Amino acid sequence: MSTRFAALALATAVLSGGALAQEPDGKVLFQRHCAMCHNASGMGTGLLGRRMKPEVAELEKREDLSAAYVERFARIGVLNMPPITRGEIDDSGLKAIALYLSRGRP
Amino acid sequence: MATQPEVNAAAASRALKAIEAIVGADAVFTSQEDRDAYSDRFPVDARAHRPAGAVAPLTTEQVQAIVRVAAENKVPLWPISRGKNLGYGTSAPVLAGSIVLDLSRMKKIEIDVENATVLLEPGVGFYDLYDYLQTRNIPLWLSVPGNSWGSVIGNALDRGLGYTPYGEHTRNLCGMEVVLPDGDIVRTGMGAMPNAPTWNLHKYGYGPAFDQLFVQSNYGIVTKAGMWLMPTPECVLGFDVEMDRMEDLGPLIDTLGPLRREGVLQQSPTIGNWFRAANILTTRKQWTDKPGSLSDDVIAAIRKQFGLGWWGVSLRVYGRESIAKPSLAILEAALKAINPMAMKPFSWHPGDAVTPSAGGWMGVPMTFPLQSANWFGGRGGHIGFSPVLPQSGKLALEQFQRTYARYKEYGMDYQASFAFGERHMLNVNAVLLNLDDPEFMKRVDPFLRTLIADAAKYGYGEYRAHIDYMDTISDGYSFNNHALRRLAEKVKDALDPAGIIAPGKSGIWPAAYRKGAA
């Protein structure tokens with residue numbers, strides 16, 4: 001994982017230009033706002049595991065996410081995932097999470 | 001209340017605009033998508049509770065200022081802590097058109113390790129507090145509910161439940177800071193004494209104790225609350241017990257009740273039926289394609305696959321091993337006398353791993369039980385009917401038999417638990433929803449109203465309700481021409497003459513909304 005994170009950090013750095021120091025950290029925010037359902041034993045992983053290979057049901061293991069897809073589904077909710085309100089996480093924080101999960105793919 | 005009053009939409013828009021000056025435009029949410037996001041996710045009727053928008057303050061001062069704006073414009077606020085009250089309305093208000101006051105950004109944690117207390121803001125979730133304690137190696141435990149996605153304070157303020165000796169969460173509250181409907185701020189208990197070091201240690205202070213007045217009510221907005229935490233025990237020992245027959249519920253309750261009252265059992269055991277694993281780990285289609293309640297054949301197959309009795313219960317004793325071991329021996333002897341189908345021992349000591357399925361009894365937050373929302377394979381959810389019963393095996397068995405017959409009559413799959421308090425039990429009946437099946441959803445409301453009416457005949461009322469049923473449940477608490485509700489209304493009108501805090505919460509409506517009510 002550490003290699004992936006390094007690659008991601010680089011991608012994030014490129015995307016976010018010179019303002020990296022002020023940018024929210026997608027991995028940290030993912031842990032804080034998403035991991036309860038999308039870690040190994042979470043509800044989201046359990047249910048996604050019914051629709052895809054369980055070994056890639058954890059969002060952090062997915063290779064096929066785009067940032068736009070993550071942002072959209074988080075905001076409107078999908079199937080049994082409730083929408084994530086802007087009060088809980090603002091747009092810039094969600095964008096950082098989405099870029100983290102998509103490994104920089106917009 | 002037969003028909004809901006309407007909120008003045010123009011006034012709500014004015015208030016939302018004015019609140020932008022308090023919290024900033026980027027913390028005021030009014031788009032259609034925002035309004036949907038703050039609506040009920042497990043709805044019986046999704047249209048009934050759509051808010052006008054939401055606002056997300058960061059500080060108590062901002063909450064005070066928002067309350068004043070709401071009062072000036074006579075627009076109701078619906079405070080939420082984290083808005084994860086799934087099955088009870090999620091973040092949606094009783095009254096459509098209200099403004100959701102989203103406190104999820106208020107996340108301060110002040111720990112007192114020595115005294116095993118914590119002072120929390122409402123945005124602190126179970127996972128936030130768990131991570132805070134774990135990363136600092138603080139030897140204190142939470143008690144967590146079956147869905148631990150929500151707020152620690154919010155759950156205690158709605159009288160949520162967990163599974164450890166600290167499982168009756170509202171009892172862990174000790175001292176609050178509350179913004180009143182006029183924008184004033186009060187600290188309860190010892191907190192009223194400036195600089196008192198005992199705010200979160202002594203629950204009553206001097207004179208009337210107000211904490212429970214702000215629980216399941218609409219008298220103020222709790223912006224901080226003290227909670228007692230459990231010192232990490234030297235060990236956790238116990239048994240996972242399965243009972244074979246449905247009639248075994250009575251003897252099981254009559255065995256556990258005296259041990260709970262005596263204090264041999266200090267946790268709150270929850271007896272659950274055979275359905276509790278299948279609806280999390282599988283979908284209905286894996287068992288049957290027939291409509292109606294699951295048949296006895298299917299129930300037998302489910303029990304066989306998961307090795308379950310008709311009823312099961314996990315019992316735990318906590319603390320010093322020199323006390324826990326003899327307590328466990330007492331439990332074991334009592335249980336063996338009622339011929340359990342299985343008794344699997346459980347043992348944990350510091351340093352041992354905790355599996356997710358055992359975490360609930362160890363204060364480890366979890367979300368996997370919410371997988372039951374996918375029981376029908378698509379969009380789902382749950383709603384509950386949870387009357388309060390005495391700890392009587394006979395009465396509980398009779399209540400179970402009546403309820404189970406209704407589940408079959410309405411074609412619902414039976415999921416129930418009997419959760420012990422110290423003197424009472426909560427009979428939590430879950431109705432798993434199939435939001436993709438309109439015909440199914442049409443049966444849900446009449447089914448719940450039938451359960452409510454059945455139970456009321458025996459004096460059993462609910463401890464907590466979904467926003468659609470708050471008035472109905474309140475109606476049942478009717479001694480002396482609804483004297484309790486009339487008292488609640490007098491208090492409401494005195495504290496909140498503009499009627500702006502959560503009108504309709506727990507069936508309490510302010511005067512402005514009672515006029516013209518049916």
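Every chain is numbered from 1, with letters handed out A, B, ... down the list of sequences. Given the structure is predicted, the values throughout are model-derived calculations rather than measurements.
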Given heavy-atom pairs under 4.5 angstrom as the criterion, report whether the side chain, backbone, both or neither of [X] touches chain A.
X: Ile280(B); answer: backbone
X: Leu435(B); answer: neither
X: Pro356(B); answer: side chain
X: Asp34(B); answer: side chain
X: Ala373(B); answer: both
X: Ala37(B); answer: both

| said: Side chains of Asn85(B) and Asp158(B): any donor to acceptor distance under 3.5 Å? | reply: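 Asp158(B) vs Asn85(B): donor-acceptor pair found between side chains.
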
| query | Without hydrogens or angle criteria, can the side chains of Thr282(B) and Trp287(B) be said to hold a donor-acceptor pair below 3.5 Å? | reply |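 There is such a pair (donor and acceptor under 3.5 Å, judged by atom type) between the side chains of Thr282(B) and Trp287(B).
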
| Most chain A-contacting option - heavy-atom pairs closer than 4.5 Å, from Arg379(B), Met366(B), Arg105(B) | Arg105(B)

For [X], enumerate each residue passing the salt bridge (Lys or Arg N to Asp or Glu O under 4.0 Å) test, keeping only those at least two apart in sequence or located in another chain.
X: Arg32(A); answer: none
X: Glu88(A); answer: Arg82(B), Lys84(B)
X: Arg41(B); answer: none

| task | Working to the nearest 0.5 Å, report the span between CD1 of Ile66(B) and CG of Leu77(B). | result |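 Ile66(B) CD1 to Leu77(B) CG: 7.5 Å, rounded to 0.5 Å.
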
| said: With a strict 4.5 Å heavy-atom criterion, list every residue of residues 121-129 of chain B that contacts chain A, or say none. | reply: Tyr127(B), Asp128(B)

| task | Indicate the ring-plane relationship of His382(B) and Phe42(B), choosing parallel, tilted or perpendicular according to the 30° and 60° boundaries. | result | perpendicular

| task | Would you please classify the geometry between the Trp375(B) ring and the Phe275(B) ring as parallel, tilted or perpendicular, with 30° and 60° separating the classes? | result |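 Plane angle over 60°, so perpendicular.
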
| Gly49(A), Ala35(A), Cys37(A): which one forms the most heavy-atom pairs within less than 4.5 Å of chain B? | Cys37(A)

| query | Which bit of Asp90(A) comes within less than 4.5 Å of chain B, counting heavy atoms only: side chain, backbone, both or neither? | reply | both

| said: Would the distance check show the side chain of Thr45(A) and the main-chain N or O of Asn39(A) forming a donor-acceptor pair, the cut-off being under 3.5 Å? | reply: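 Judged by distance alone, yes, a pair lies under 3.5 Å.
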
| Does the Tyr38(B) side chain pair with the main chain of Asp102(B), one donor and one acceptor, at a distance under 3.5 Å? |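 Not at all, since once roles are kept as given, no pair shorter than 3.5 Å links the two residues.
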
